[in-house]
Each structure stands twice: as C-alpha cells, then as structure tokens.
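Only one structure is covered here, and it is reproduced in the block below.
Computation of the quantities below employed the complete heavy-atom set of this structure, encompassing side-chain atoms and omitting hydrogens, waters and symmetry-equivalent molecules. Every chain is numbered from 1 and lettered A, B, ... according to where its sequence line falls, protein lines coming before strand lines.
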Amino acid sequence: MRYTKTLIPTMKEVPSDAVTPSHILMLRSGMIRKLASGIYEWLPLGKKALNRVEKVIRDLHDVEGCLEVLLPALLPKSLWEQTGRWGEYGAELMRLKDRQGREFCLAPTHEEAITELAGNYIKSYKDLPKTFYQIQTKYRDEIRPRFGVMRAREFIMKDAYSFDADEQGAGLSYDRMFALYKKICAALSLEAVPVIAKTGLIGGTKSHEFMAPSDEGEEELVYCGCGWGANQELAYSKISSVKEEPLPLEEVSTPGVRTVEEVSAFLKLPAEKFIKTLIYRTADGFACVLVRGDHSADPAKLRSIIGDDARLADEKEIEEITGGPLGFSGPVGLKIKAYADNTIKYGCNMVSGANKKDAHIKNINCPRDFQAEFMNIRTVKAGDPCPECGKPLVVARGIEIGHTFYLGTKYSEKLKASFTDKAGKDLPIVMGCYGIGVSRIVAALISQNHDDKGIIWPRGMAPYQIEIIAASSTGPAMEKAEEIYKALAEKYEVLFDDRDVSAGIKFKDADLIGIPVRIVLGPRGMKTGECEIQSRADGKTEAVKLDKLLEKISDFT
RNA sequence: CGGGGUGUGGCCUAGCUGGUAGGGCGCCUGCUUUGGGAGCAGGAGGUCGGCGGUUCAAAUCCGCCCACCCCGACCA
C-alpha cells in the first residue's frame, strides 16, 4: 500500500480527551476516530490490526472444531424475557423500539439467541457436543465508557457457546476452550494470565478471566508463577495458623492511642496481632467487619458481603452501638452481626478495642471470645503466600481480554433447549460460554508494546509487515524505493511511504505507526548500492546491499 | 447516577475585571529544501457547544440545556 493512497491521519499532538497510552497511540496513529462517547470508527490502519486479531481468533477456533455463525445484533424483547434478563440486565442493555412499538435490544451478549438456536436444531444426544462462535459487534450502555476502544459502548467480541449432553462433557468443553484461549493469547503475542473470577450477569458456576497485565488495566489481579491466579475480588492467600497457648482476656489501658499503628507501637506488638474493627451501617442495620491489623478490607469483597449501600458508621453511631468512642471498637461483647476475614480465625491472643475510651483488650481468641461469620474480606498484597504453592504472589493491574464461564443449564432450561438422551429421556443441554474482547485486544497489544515514540507491533500482529521509506522524495533513492516496493509487495504486506515530505516526518510517523521492519533508502546508500533494514523494536539497523535485500528481508519477517 | 472539570477552524491552545477572535500544528499555492516533524512568501478555513437573558455592546456576566473528559459503582 502506498501511503499517498491510503488514509493514515497521524497526529503530532495528544488529543485532549485521551489519557491512557493505548488510547493516545491509537488516536495519534490514525487507527481510530471517536464519533461519540464510547463509539469509535476504525480507520484503515486500525481495521487492518483488528483484522489480524480476528483472523488469529477465527483460525484457532476453526482448528478446534468450533462452528462460526453470525447472529443478529438486534434481538427481540421476548427472548430476553424468557431468561429474565430483560429485567436483570438493567440500564446497561441498549433498548429500542421499532415503528410498531415492538421492543428490541442491541445485544450485549448472545446466550439467549444461541440457546434458542441450538434448542431448535439439537434434538438428540447424537447432535452433541457442539460449540458455536461468532465475531460480532456488541452493545453495552456502559456506565462510563473510557480509554478509547478499551471500554466502549459498541465493541467487537468473539463469543463462543458450548453445548454438551452432561456435566462431564461440559467440563471437558470448558477445559478445551480454556486451553484454546491460552493458545490464542500466545498466537496473538499477548501476555495474559488466567485468573478465577466472578460470573456477573452472565451467571454460571465456574469462571476464569484472561487478564493482560498492564498498568492501563482496570482491574487488580493476583497471580503466581505456579499458575494460580485470581481477580482481587476473589483473591486469597495461604493462611498460616499461629500456635500459641490461649491466654485469658486482659484489658489494658491505652490512653489516646487509636490506630493500629499507634496501639501496635504502644503495646509493642506486631500489627498482625490486632483485629481492626470496622462498623458499617448497612441496609439491614449495623454490622462489623473484622480484619487483621496488617490487612485492609477490600472494597469489592466488602460490597458483595454488606451491600452497595453500606457506609462506615459515624462517630455518634459508633458510640451508640459499641459504647465506646471511635478508635476503641472491638469484637468482644459486640451485639451486632460480625463478618471476619478468614485470617482472623487462625489468629491467637489477638488485640482489639475494648469498646470503651482509652482501653484495649489483649488475648482475644475466637470462638472463645466472640463469634463471627468468616469469609474472604481482605485485599491480597504482593508478596503474600500463594494458596497453592506458598511462593510470593504478584499483584498487578490487568486488562480483561477474555472470560470463560461454565453455565450449566441456566439458559437451556429457561429457553427449553433440550435433547433426548440414550434412554429416551428429555434433558436440558449443558452449556458454557466464552468471550474474547477483540477490539479491546488491539488496545491491549498496544498497551503492552509501545515506547515514548509510538507503537511497537509484535511481528505477525502489525497492520503491515514492512514499511519502506525513501529518505529523499525525489531522485534515485525514490526510484529505487518504487522498484523495491513493487518487488516486495508480491510477497509481503508493505506500506510504502511515497509522500513528498521531509525524511523527518516519515521517520516520526513510522515510529508512531510501529511497523516492525523498516527499509530505508537514502542518497547515502545509493552511492554504495545499499539500503538499511531497521527493526522498530530494538532500533537496530543493518546495511544491506540492494541486490541482497530480497533474500535478507526474509530473516526479518 | 453522585462528585470534579472542560467546550474557541481538522488537532493543541491564548483571550484577566465585557468593546466584536489570536497563535502553533495541519491544509492550499509558489519558490527553496529533503537521513529525524524544514525555510521564505502568499492564501483558505470560525454559528467562540446550543438556546434564552443582562447590556449601547457578550467568547467573556447570568440561567437552562447539550456534548465531552476525570474519580466511583458495572463489564469483553
């Protein structure tokens, strides 16, 4: 492709509404253009990158025997009412009416549609198992679209759905898709780690997210080299139990010392010996949350336990509930519902507030001195021991690029997608669903592969394999560049910067666009019959005789 | 939705307590340039987000609306 024939509207300046590196680079390199909040147009260069990602995903699904379909983006309300999700999905579902007043939604995901379809054709155990997939535009009325195509309201997703005769088969399908996802990430040159995750609105029982580690990531993930990983919303670490002789409760005077740090210093006891007592006002009254002194309660975990509306009690409320001032609350003698982090259960001779001014209680032991419901509440920190192997855990931000769900019969029962088994019995099909954020992966790749000058496409994912630059727009260098372009274009996808602009502009744009291999022809080389092959990734340059270029270039692509 | 902020040619922006819009990049023409976003000369392009109000006079002050961005709850 000639630069003058395509459209690559690069920008020198950073558009004011972009913040993250991938968003900035996608805009600056002329890959995408915003039409409205969370709605993007894919320009030629961006579309080529998108096609690359799609192709890898499509090809590997096909190899796995998945069957590609294309379902409607526009779905009737009735279908969504059958699963109850017309109501459940809430404001996130883009709804619209036709001229007759019939209601539809723009599909955010396709469990209903595919289950209805499969239910129609799959009648016998002989028709199973089957896995369908599609690569399609999805619509979600995101609460807050942001970061360009990373969280858009219209985006491209690959969604696959497996159909099996029983749980065992569905489990195998799940495992096969899980393995396929790993293969796809590798083929995309995308670093990604699978972590256990929540199921959200899709539902189901077993679920993994595929997370691409990146500072741009919207979620926190916790993982270990041994393969264990979890979303911070679910993460936990190995708990070591303390073996000590339980001592009798003892009240100690702690005048004016409130925080764990202060009391810890005052009593000369480490922070992990303390129980932090947080009093919350929830929808059903007050509750306390207990975490170890050196831990903190995770907001997401907390929310799923005490509800979205819960808030910390104020000083007055604390006095009323505990009888003591803020900073001196403790679980002993408290009459309200208590939720404690699992680590508390294994603590011994702990310290917490005495629920009166200037006093703490030592040697608290559970369940001797208080009762609580134990759950996973704390935020896992980097370095905490892995629950599987005990090695230090890594905590990082990550971009969710894929999600696998074991669905069971949640949808097939509601949509009456059943089959007849060997015994002649009618059974609901057992399902799984598997999503990959295709457009988001383009952003994730850029987020993992860039420098201050621009994108550095991994080989194989770049919109073009080779870019040819003539360092002078006229004369022998340009003529030679033409010649080389024509020769290489037969074998490779080549972008030829044939613009009549200064060499500086071409180099800057090339750095920005990030084509992995660059061939530079200039007046200097013309004298010696040489050109240069440059690598975008490491900046290495090699001088090559023009007549050797065609054979040499194959080492670079 | 709650909190914060911004809207000025395609992009980045100046414009203080009102006096009728300026720069840089980009674009067009010509000449000179051509190995890291060139130089000179000329030129095009603006309902200052929209509507209403105050005023002799509004980009500027006031009100309402719209759009967009950031922080938070949701998710591929």
Side-chain angles (χ1 to χ4, degrees), chain A residues 9-20 23 27-28 30 33-39 57 89-93 108-110 135-160 181 197-202 207 209-212 218-219 231 233 299-300 302-304 307-310 399-405 433-444 453-454 469-475 477-478 499-512 518 520-526 531-532 534 539 541:
Chain A
T10 57
M11 276 183 273
K12 200 161 155 183
E13 272 150 322
V14 178
S16 54
D17 55 4
V19 208
T20 52
H23 187 196
L27 289 169
R28 286 195 54 219
R33 176 170 174 268
K34 184 174 75 186
L35 189 62
S37 176
I39 300 175
I57 294 170
Y89 223 95
E92 197 128 322
L93 193 63
T109 174
H110 280 81
I135 295 173
Q136 214 233 30
T137 303
K138 308 274 170 174
Y139 299 85
R140 289 184 192 172
D141 195 355
E142 288 288 342
I143 291 172
R144 182 147 88 92
R146 58 185 140 172
F147 309 144
V149 299
M150 200 73 94
R151 174 166 303 283
R153 291 192 292 177
E154 179 182 283
F155 60 99
I156 298 168
M157 180 166 128
K158 185 282 315 181
D159 47 327
Y181 272 34
K198 283 189 167 179
T199 55
L201 279 170
I202 309 283
S207 176
E209 283 172 342
F210 280 72
M211 304 293 294
E218 295 182 82
E219 285 177 52
N231 190 303
E233 288 178 0
L302 213 48
R303 225 176 317 147
S304 68
D308 295 344
D309 307 326
I399 300 163
E400 185 185 356
I401 53 102
H403 204 152
T404 56
F405 302 86
C433 89
Y434 318 91
I436 292 181
V438 179
S439 40
R440 177 180 284 182
I441 281 177
V442 176
K453 289 187 246 166
I469 289 180
S472 83
S473 302
T474 52
M478 193 63 177
R499 292 176 296 174
D500 182 18
V501 295
S502 74
I505 290 176
K506 293 182 186 179
F507 285 122
K508 291 287 185 196
D509 275 342
D511 287 340
L512 181 59
R518 183 147 87 201
V520 181
L521 295 109
R524 290 200 310 238
M526 286 305 101
C531 66
E532 288 158 32
Q534 301 180 347
T541 295

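The two residues A:Ser472 and A:Ala477 make their nearest non-hydrogen contact at OG-CB, 4.0 Å. Across A:Lys506 and A:Ala470, no two heavy atoms sit closer than the pair NZ-O, 2.9 Å. In terms of heavy atoms, A:Gly435 sits closest to A:Met157 at CA-CE, 4.4 Å. Here the shortest heavy-atom pairing between A:Phe405 and A:Tyr434 reads O-CE2, 4.1 Å.
Here A:Phe155 packs flat against the base of B:A76; its ring centre is closer than 5.5 angstrom to the base's six-membered ring, tilted by less than 30 degrees.
Contact annotation for A:Asp509: base contact, defined as any heavy-atom pair under 4.0 Å involving a base atom. Contact annotation for A:Val19: backbone-only contact, meaning every heavy-atom pair under 4.0 Å involves sugar-phosphate atoms and none involves a base. Backbone-only contact: A:Val14 has heavy atoms under 4.0 Å from sugar-phosphate atoms and none from a base. Residue-level contact check: A:Met150 touches the bases, meaning some heavy atom is under 4.0 Å from a base atom. Among the protein residues, A:Pro108 comes within range of no part of the nucleic acid, since none of its heavy atoms lies under 4.0 Å from any strand. Using a 4.0 Å heavy-atom distance criterion, A:Ala152 is classed as a base contact. Using a 4.0 Å heavy-atom cutoff across all strands shown, A:Glu209 reaches no nucleic acid atom at all. Residue A:Gly522 is in base contact, counting any heavy-atom pair closer than 4.0 Å across all strands shown. Within 4.0 Å (heavy atoms only), A:Ala18 reaches no atom of the nucleic acid at all. Nucleic acid contact class of A:Glu154 (heavy atoms, under 4.0 Å, all strands): none.
Not a single donor-acceptor pair under 3.5 Å links the side chain of A:Lys453 to the backbone N or O of A:Asp509. At distances below 3.5 Å, at least one donor-acceptor pair connects side-chain atoms of A:Ser473 with backbone N or O atoms of A:Val501.
Distances shorter than 4.0 Å separate some side-chain N or O of A:Ser37 from OP1 or OP2 on B:C69. For A:Ser502, no side-chain nitrogen or oxygen approaches OP1 or OP2 of B:U34 to under 4.0 Å. Checking the phosphate oxygens (OP1, OP2) of B:A76, no side-chain nitrogen or oxygen of A:Ser439 falls inside 4.0 Å. An OP1 or OP2 oxygen of B:C69 is reached within less than 4.0 angstrom by a side-chain nitrogen or oxygen of A:Lys34. Of the side-chain N and O atoms in A:Arg146, one or more sit less than 4.0 angstrom from OP1 or OP2 of B:C71. At B:U34, none of the side-chain N or O atoms of A:Ser473 fall inside 4.0 Å of OP1 or OP2 (strictly under the cut-off). Taking side-chain N and O atoms only, A:Arg144 has a distance below 4.0 Å to OP1 or OP2 of B:C70.
Side chain A:Arg151 to base B:C75: a donor-acceptor pair is found below 3.5 Å.
Atom P of B:U6 sits at a distance of 15 Å from the matching atom of B:U60, rounded to the whole Å. Comparing the C1' positions of B:U34 and B:C16 gives a spacing of 45 Å, expressed to the nearest Å. When the P atom is compared between B:G5 and B:C64, the two are found 16 Å apart, to the nearest whole Å. Straight-line distance between the P atoms of B:G3 and B:G45: roughly 44 Å, to the nearest whole Å. Only the C1' atoms considered, B:C65 is 33 Å distant from B:G26, to the nearest whole Å. On the C1' atoms, B:C11 is 14 Å away from B:G37, given to the nearest whole Å. Between the C1' atoms of B:U17 and B:U13, the separation comes to 23 Å (whole Å). With both ends at atom P, the span from B:U54 to B:G15 equals 29 Å, rounded to whole Å.
Pairing of B:G42, defined by two Watson-Crick or G-U wobble distances under 3.5 Å, is identified with B:C28.
The NZ atom of A:Lys12 sits 14 Å away from the P atom of B:C12 (whole-angstrom rounding).
We find that A:Glu218 and A:Arg151 are joined by a salt bridge, their nearest charged nitrogen and carboxylate oxygen being less than 4.0 Å apart.
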